[in-house]
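Notes for the one structure printed next.
Values below: every heavy atom of this structure, side chains too, minus hydrogens, waters and symmetry copies.
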Amino acid sequence: MSRSLAAPQPLLRTLLRSRPRQQQCQRFLSTHHQPSPSHTSGPRRPTTSPLSRAQPKQQICPLEHRRYKAKTVEEARSRYRTGPFSWKAGLLFVATSGGLVWYFEHEKQRMQRKRVAEAAKGVGKPKVGGAFELIDHEGRVFSSEDLKGRYSLIYFGFTHCPDICPEELDKMATMFDIVEAKAPGSLAPVFITCDPARDDPKILKSYLAEFHPRFVGLTGTYEQIKDVCKAYRVYFSTPKDVKPGQDYLVDHSIYFYLMDPEGDFVEALGRQHSPEQGAKVILEHMKDWEGAWRK
């Protein structure tokens, strides 16, 4: 009878192994999935952690395109007429365009002056100017080296000229005053006579004092004056067989010769230039000068 009641060992082993697993599964289901009795009738609420309760969720708003809304009909019509442009944009456009036009015009004039100044120094061009040695209105020796280091404005004439020379010397005085006011000590005004037989230093001094006290008058022998006029390409002619004391006129070229601080020819100013225009040309050439000045 003991044999019939005794259970086989393999069967006992399977029963003992299966019981703890069922209890463990029941515990897991009871802790995580079994609802509490108070919430069996209502809907389940999701479980939240304390951190998620403390930090509220940020609401993301969709992007909206803001459009301009006119308050009045006139304002809407005005905006429709102008379109994307405004008075500020127009003013900026005009200012920029004006600046560019001024810059290119300034550069164009500067290059034109540079070509004029370099034209006389080119190969094959007749040279204007050169070395000389004459006598000034104070009776002292004056040479072309005394003009180095600054610009010089040279005019050829004679003191007995009735009308043209006085007019041109008045113009020369005005040009010199304008240049001297803006660039002191940078220009030397020089008058060289074409009539050395009558224009001695004393006569030159009294004659030039009527126009400007800073004018430098130069004279010399007939051969010296002839050589200087030839070097500067100046035409002059005196009548032949003139008796002593007889009045006569001298035909000559009517130009102002502008020379740079190195003694090279820059430009000739004629009667078509007003005093203001001539002074402007001189000052512009001075601005373009990159060499040394007399200290």
Side-chain angles (χ1 to χ4, degrees), residues 129 131-221 224-225 228-229 232 234 236 249-250 252-263 265-271 273-287 289 292-295:
F132 63 83
E133 186 174 288
L134 299 172
I135 305 297
D136 67 4
H137 61 278
E138 298 290 347
R140 298 171 298 192
V141 176
F142 191 97
S143 68
S144 56
E145 294 296 321
D146 296 323
L147 297 175
K148 296 290 184 67
R150 55 180 173 173
Y151 278 81
S152 56
L153 191 63
I154 302 175
Y155 180 77
F156 292 83
F158 63 107
T159 60
H160 290 77
C161 182
D163 48 11
I164 296 178
C165 287
E167 292 177 0
E168 296 301 299
L169 288 177
D170 282 334
K171 182 198 295 185
M172 189 177 184
T174 304
M175 287 190 292
F176 175 73
D177 288 336
I178 295 174
V179 174
E180 185 68 13
K182 297 183 178 181
S186 58
L187 181 66
V190 180
F191 175 85
I192 299 178
T193 181
C194 297
D195 187 16
R198 293 183 293 181
D199 294 341
D200 57 16
K202 184 178 179 180
I203 292 177
L204 282 176
K205 184 176 181 179
S206 61
Y207 178 73
L208 295 177
E210 298 179 1
F211 299 98
H212 204 285
R214 298 278 296 277
F215 281 1
V216 177
L218 300 178
T219 186
T221 65
Q224 288 177 323
I225 297 299
V228 174
C229 290
Y232 280 82
V234 175
F236 82 103
L249 298 177
V250 179
H252 62 86
S253 303
I254 308 172
Y255 286 103
F256 295 100
Y257 297 85
L258 181 63
M259 315 298 290
D260 67 16
E262 292 181 353
F265 173 73
V266 178
E267 188 171 349
L269 304 177
R271 304 194 71 180
H273 292 89
S274 66
E276 292 76 17
Q277 292 173 343
K280 182 180 179 181
V281 171
I282 297 171
L283 289 170
E284 287 174 346
H285 281 295
M286 288 181 176
K287 292 178 182 178
W289 176 251
W293 293 86
R294 175 181 292 180
K295 296 182 180 179

Legend entry - Non-hydrogen atoms of G157 and C165 that approach each other most closely: CA-SG, 3.8 Å
Inset, instruction - Measure from the side-chain N and O atoms of E167 to the backbone N and O of I164, and report whether any donor-acceptor pair falls under 3.5 Å. - result: no
Inset, instruction - To the nearest 0.5 Å, tell me how far S143 OG sits from F132 CZ. - result: 7.0 Å
Inset, instruction - Find out whether E133 and E145 are in side-chain contact, i.e. whether some heavy atom of one side chain is under 4.5 Å from a heavy atom of the other. - result: no
Legend entry - From I282 atom CD1 to K287 atom NZ, the distance as rounded to the nearest 0.5 Å: 13.0 Å
Legend entry - K205 NZ: over 12 foreign heavy atoms closer than 6.0 Å: no
Inset, instruction - Taking all heavy atoms of S186 and all of V179, pick out the closest pair and write down the distance. - result: OG-CG1, 4.1 Å
Inset, instruction - Give me the ring orientation class for Y207 and F191: parallel if the planes are under 30° apart, tilted from 30 to 60°, perpendicular past 60°. - result: tilted
Inset, instruction - Please test V250 against C161 for side-chain contact (heavy atoms from CB on, under 4.5 Å), starting from the C-alpha separation and ending with a verdict. - result: CA-CA 8 Å; V250 179; C161 182; over 6 Å; no
Inset, instruction - Could you walk me through whether E284 and K280 pass side-chain contact (heavy atoms from CB on, under 4.5 Å), step by step? - result: CA-CA 6 Å; E284 287 174 346; K280 182 180 179 181; 3.1 Å; yes
Legend entry - Minimum side-chain heavy-atom gap L147-M259 below 4.5 Å: no
Legend entry - Residue pair H252 / D195, side-chain donor-acceptor N/O under 3.5 Å: no
Inset, instruction - Supply the atom-to-atom distance M172 CE to D177 CG, rounded to the nearest 0.5 angstrom. - result: 11.5 Å
Inset, instruction - Please examine the side chains of L187 and M286, heavy atoms only from C-beta on, and report whether any two atoms are closer than 4.5 Å. - result: yes
Legend entry - Parallel, tilted or perpendicular: ring planes of Y257 versus F156, cut at 30 and 60 degrees: perpendicular
Inset, instruction - Using a 4.5 Å cut-off on heavy atoms from C-beta on, say whether the side chain of F142 contacts that of V216. - result: yes
Inset, instruction - List the steps, then state whether side-chain contact (heavy atoms from CB on, under 4.5 Å) holds for L134 with D136. - result: CA-CA 7 Å; L134 299 172; D136 67 4; over 6 Å; no
Inset, instruction - Check whether the side chains of D199 and T159 place a donor and an acceptor atom closer than 3.5 Å, and report yes or no. - result: yes
Inset, instruction - Check P275 against T174 and note the closest heavy-atom contact, atom names and distance. - result: CB-CG2, 3.6 Å
Inset, instruction - Evaluate the criterion side-chain contact (heavy atoms from CB on, under 4.5 Å) for residue pair F176 and F211; output intermediate values, then yes/no. - result: CA-CA 11 Å; F176 175 73; F211 299 98; over 6 Å; no
Inset, instruction - Find out whether T193 and L218 are in side-chain contact, i.e. whether some heavy atom of one side chain is under 4.5 Å from a heavy atom of the other. - result: no
Legend entry - Between CE on residue M175 and OG on residue S274, distance to nearest 0.5 Å: 9.0 Å
Inset, instruction - May I ask you to check whether Y151 and H285 place their ring centres under 6.0 Å from each other? - result: no
Legend entry - Between CG on residue D163 and CD on residue E168, distance to nearest 0.5 Å: 10.0 Å
Legend entry - Check: I203 and R198 side chains under 4.5 Å, non-hydrogen atoms: no
Inset, instruction - Find out whether T219 and D200 are in side-chain contact, i.e. whether some heavy atom of one side chain is under 4.5 Å from a heavy atom of the other. - result: no
Legend entry - Y255 atom OH, over 12 foreign heavy atoms within 6.0 Å: no
Inset, instruction - Could you check if a side-chain atom of R214 sits within less than 4.5 angstrom of a side-chain atom of E180, using non-hydrogen atoms only? - result: yes
Inset, instruction - State, to 0.1 Å, how close A183 and L283 come at their nearest heavy-atom pair, and which atoms those are. - result: CB-CD2, 4.3 Å
Inset, instruction - Can you measure from CG (D170) to NE2 (H212) and round to the nearest 0.5 angstrom? - result: 11.0 Å
Inset, instruction - Of all the heavy-atom pairs spanning I135 and P201, show the shortest one and how long it is. - result: CG2-CG, 4.1 Å
Inset, instruction - Kindly assign one of parallel, tilted or perpendicular to the pair Y155 and F256, based on the angle between their ring planes and the thresholds 30° and 60°. - result: tilted
Inset, instruction - Anything under 30° is parallel, anything over 60° is perpendicular, the rest tilted; go ahead and classify W289 against W293. - result: perpendicular
Legend entry - Where C194 and C229 come nearest, the two heavy atoms and their spacing: SG-SG, 4.3 Å
